[in-house]
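Let me begin by presenting the structure, written as structure tokens, before commenting on it.
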Amino acid sequence: MQEQSLQTVFALLTEWYHVYKRDLPWRRTKDPYAIWVSEIMLQQTRVEAVKPYYARFLEELPTIRHLAEADEEQILKLWEGLGYYSRVRNMQAAAKQVMAEYDGKMPADHKALLRLKGIGPYTAGAVASIAFSLPFAAVDGNVLRVMSRVFADERDIMLQQTKKAWEEEINDALTGEIAGDVNQALMELGATVCVPNGEPKCENCPLRTLCLAYQKGNPMQYPVKSEKKPRTKEYLSVCFMTDGKRIALRKRDSKGLLANLWELPHVPKEYALPMAFADWGIQQAEIKNMRGQKHIFTHIEWHMDAYFINVKAMADTPFQWVTIEEAKEKYALPSAFKKIWAEGLDMLEDMEYEQIHL
DNA sequence: AACTCGGGGGC
DNA sequence: GCCCCAGAGTT
């Protein structure tokens, strides 16, 4: 791409952006911390999903110091349901870094930002350009899609060399003051006009006249992406286990999927339930069937059988027995278990009702 | 370079 | 179903 045409793209884009940009919460602040929080939340996550989390998070942890000093249980609870939980654990690690190395203030320095946990090329560019008006690219999926279409570029955007090439290209063309708006304009266009699924709205696009994919009449052919591998299936027997008042939760391992979150006890489906009970110290229990559930992760599918377990007698168990109120306040439960959780609460309520009217 | 790591909305 | 989303860390 010639330098010249990229400058033209930026000019058309920022002009359009000033008129059509959405009023988003994180566009109302200049606080680098708030902008940082928004960028972490927005990684691989849609704007509408982020909004309620963003407001609640900043309300409870309004400064970098609050984040650095918070309990991990609290930050995971604030992230509950948003996914990619290592984002918030890395952000807290970075907040501690900022407290120790930068006196609690986000460094206005691209290289320093890149050294913080959880801040990669995209987020470093976004914070540097939006919060500090520094001339750095912020290349995300939107930018890659827009660029691929405008220049009818056939390179596979799944390859990191393609992303890196665009970063360098855009970096070279950016100047200080406008970088934040250019980056946001590229993303805004990608999110609202040059959309990822379905027909792009080329009739509303400020780049229509110079877009090569539009000229060729095949914008949907871009960007070129290599295929991803299929998901593996896992089959589980999940237990909503109660003693009548409290419910058994189990803390997940500190590494891997859903690290450090809480879960309903479960075993692989081929593992017999009485065997699991023996392992767990459950000596006497009443078992009712619940609805099975399926949950899809990026690379795994969980096919879950579910059981309501009314425990009558038990020894020591490896579980945390919590009340419903405690669970709601303090324990981050992944979305994978939410339907079984809700049905379990209903059955628990019915059970209490029957006891009273016996 | 390939894998891992969530969840949900749109079609 | 399948797409992919304001990506980063690990191997």
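In what follows, every chain begins at residue 1, and chains take the letters A, B, ... in the order their sequences are listed. Only this structure's heavy atoms are used, side chains among them; waters, hydrogens and symmetry mates stay out.
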With respect to the phosphate group of [N], does any side-chain polar atom (N or O) of [X] fall under 4.0 Å of OP1 or OP2?
| X | N | result |
| --- | --- | --- |
| A:His299 | B:dC3 | no |
| A:His295 | B:dG6 | no |
| A:Arg145 | C:dC5 | yes |
| A:Thr123 | C:dA8 | yes |
| A:Gln43 | C:dA6 | no |
| A:Gln44 | C:dG7 | yes |
| A:Lys225 | C:dC3 | no |

Would you find more than 12 non-hydrogen atoms of other residues, nucleotides or ligands less than 6.0 Å from A:Glu72 atom CD? yes
_If you count every heavy atom of other residues, nucleotides or ligands that lies below 6.0 Å from A:Asp316 atom CG, does the total exceed 12?_
no
Can you check the distance between [N] and [M], where both ends of the measurement are the [atom1] atom (answer in whole Å)?
| N | M | atom1 | answer |
| --- | --- | --- | --- |
| C:dC4 | B:dC5 | C1' | 15 Å |
| C:dA8 | B:dG9 | C1' | 23 Å |
| B:dG8 | C:dG9 | C1' | 23 Å |
| B:dC3 | C:dA6 | C1' | 22 Å |

Under 4.0 Å, heavy atoms only, any strand: does [X] hit a base, just the sugar-phosphate, or nothing?
| X | answer |
| --- | --- |
| A:Asn183 | nothing |
| A:Leu24 | base |
| A:Arg22 | base |
| A:Trp302 | nothing |
| A:Gly118 | sugar-phosphate |
| A:Lys228 | base |
| A:Gly190 | nothing |

In whole Å, what is the span from the [atom1] atom of [X] to the [atom2] atom of [N]?
| X | N | atom1 | atom2 | answer |
| --- | --- | --- | --- | --- |
| A:Phe337 | B:dG6 | CZ | C1' | 13 Å |
| A:Gln97 | C:dG9 | CD | P | 10 Å |
| A:Arg46 | C:dC3 | CZ | C1' | 9 Å |
| A:Tyr53 | B:dG6 | OH | P | 13 Å |
| A:Met158 | C:dC4 | CE | P | 8 Å |
| A:Glu199 | C:dC3 | CD | C1' | 14 Å |
| A:Met91 | C:dG9 | CE | P | 13 Å |
| A:Leu82 | C:dG7 | CG | P | 12 Å |

Check: A:Tyr53 ring centre within less than 6.0 Å of A:Trp79 ring centre: no
**Message:** Taking the ring of A:Phe319 and the ring of A:Trp262, is the distance between their centroids below 6.0 Å?
**Reply:** no
**Asked** Using 4.0 Å as the upper bound for N to carboxylate O, is an ion pair formed by A:Arg208 and A:Glu203?
**Response** no
Any idea which of [options] is nearest the [X] side chain?
| X | options | result |
| --- | --- | --- |
| A:Asn142 | C:dA6, C:dG9, B:dG7 | C:dA6 |
| A:Tyr85 | B:dG7, C:dA6, C:dG9 | B:dG7 |
| A:Gln160 | B:dT4, B:dA1, C:dA6 | B:dA1 |
| A:Asn197 | C:dC3, B:dG7, B:dG8 | C:dC3 |

Between the side-chain atoms of A:Ser335 and the base atoms of B:dG6, is any donor-acceptor pair under 3.5 Å? no
* Asked: Can you find a donor-acceptor N/O pair under 3.5 angstrom joining the side chain of A:Arg87 to the base of B:dC5?
  -> no
In sequence, state the C-alpha distance, the side-chain angles, and the governing distance for A:Gln184 and A:Arg27, and then conclude on side-chain hydrogen bond (donor to acceptor under 3.5 Å, both in side chains).
CA-CA 10 Å; A:Gln184 293 190 80; A:Arg27 289 185 177 154; 3.1 Å; yes
Separation between SG (A:Cys211) and NZ (A:Lys216), nearest 0.5 Å, reads 10.5 Å
Does [Y] offer a backbone N or O that forms a donor-acceptor pair with the side chain of [X] under 3.5 Å?
| X | Y | value |
| --- | --- | --- |
| A:Asp153 | A:Arg155 | yes |
| A:Arg250 | A:His266 | yes |
| A:Glu80 | A:Leu333 | yes |

Result for 5'-nearest mapping on DNA chain B, choosing between A:Ile300 and A:Gln161, is A:Gln161
Here the helical stems involving DNA chain B, each at least 3 consecutive Watson-Crick or G-U pairs closer than 3.5 Å, sorted by first residue number, are B:1-5 with C:7-11, B:7-11 with C:1-5
**Prompt:** Is the ring centre of A:Tyr84 under 5.5 Å from the base ring centre of B:dG6, and are the two planes under 30° apart, so that they stack?
**Reply:** yes
Between A:Ile157 and A:Lys163, whichever has its closest DNA chain C nucleotide further toward 5' is A:Ile157
